[in-house]
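First the structure, in the form of structure tokens, and then the observations on it.
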Amino acid sequence: MKMNITMCPPDYFGIDYEINPWMHKKNQPDIVLAKKQWENLKNIFKSIGVNVSELTPQKGCPDMVFVANAGLPINGKFILSNFAFKERMPEVKHFEKFFSEKFEIIKLPKDVKFEGQGDAFFAKGKLFLGYGFRSSKKAKDELKKHLKQGQDIVHLKLKNPNFYHLDTALAYIGDDNFLTVKGAFSEEAEKKLKKEGNIIYLSDDDAKNFAANCIVFERNIILNKASKNLKNTLKKLNFNVIESKTSEFIKSGGSVRCLSLVWQ
Ligand code: ARG
């Protein structure tokens, strides 16, 4: 199946504010290196046959590179994000303009916070939805209205502020396997997850290196960095492991998956 990824070049990327534990204004990204890393990731996507489109970056939107947070494509519609922090709100109108050319835009009520693919992905015919830090718990009821009848939501509460978006803590890699950050979820969420498939817990180092923030396309898995152990595990599962360094984006709390908005 064809896969589309929208990305946004890091022209205005920087740590202008601190809204997650990874961000420190004193620890600015090397912007030349950030651009190289971003281009490299884009070229990797293209080389494996992903269709990449680009958004125009905007001054005053340093986090716009993290396009995963633009919204969530659902059955031909696009649920536009409602950011939790005012710092990211200026991005919304640019996301709306871009995605309205491809999808029917759905806006959520103002009081319902939702950060798009940062907190939501489809797997196994279900919607996996995270909440606790950025997206509100009640986003579930709103999203349900746009799912196909009978389509389930696996609602997962996040509890570790370092893994504040679902896509930093969990990835479905196919064949019932999930990469998961230990301790990222509430006890109840952990129980729910275990019912959904086989949980592969990341080591602390792999978790900190954002291994859960990966993109899977066909037999390729693209991630910032994987330990020897994780590489072996993934190779045994028949994956071609592709490392694409994102050190500069991790300074802002994001990696491969956050830099990509995936749609069919
Ligand atoms: N600095 C950004 C923020 O805190 C990082 C967003 C990462 N995106 C993601 N999908 N996890 O909002």
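Starting from 1, each residue takes its place in the sequence as its number. Each ligand, and each atom within it, is numbered from 1 in the order the structure gives.
- Ring pair Phe103/Trp263 is perpendicular by interplanar angle, where above 60° counts as perpendicular and below 30° as parallel.
- By the side-chain hydrogen bond (donor to acceptor under 3.5 Å, both in side chains) test, Asp175 pairs with no residue at all, sequence neighbours left out.
- Closer than 4.0 angstrom to ligand 1 by heavy atom are Ile19, Asn20, Met23, Asp63, Phe66, Ala68, Asn69, Arg88, Gly118, Arg134, Tyr164, His165, Asp167, Thr168, Ser252, Gly253, Cys258, sorted by chain and number.
- Taking the six-membered ring for Trp and the full ring otherwise, the centers of His165 and Phe133 sit at least 6.0 Å from each other.
- By the 4.5 Å heavy-atom criterion applied to side chains, Ser53 and Phe98 are counted as neighbours.
- Just one of Lys140, Lys138, Lys145 meets the salt bridge (Lys or Arg N to Asp or Glu O under 4.0 Å) condition when paired with Glu142; it is Lys145.
- Residues Asn224 and Ser255 bring no donor and acceptor atom of their side chains to less than 3.5 Å of each other.
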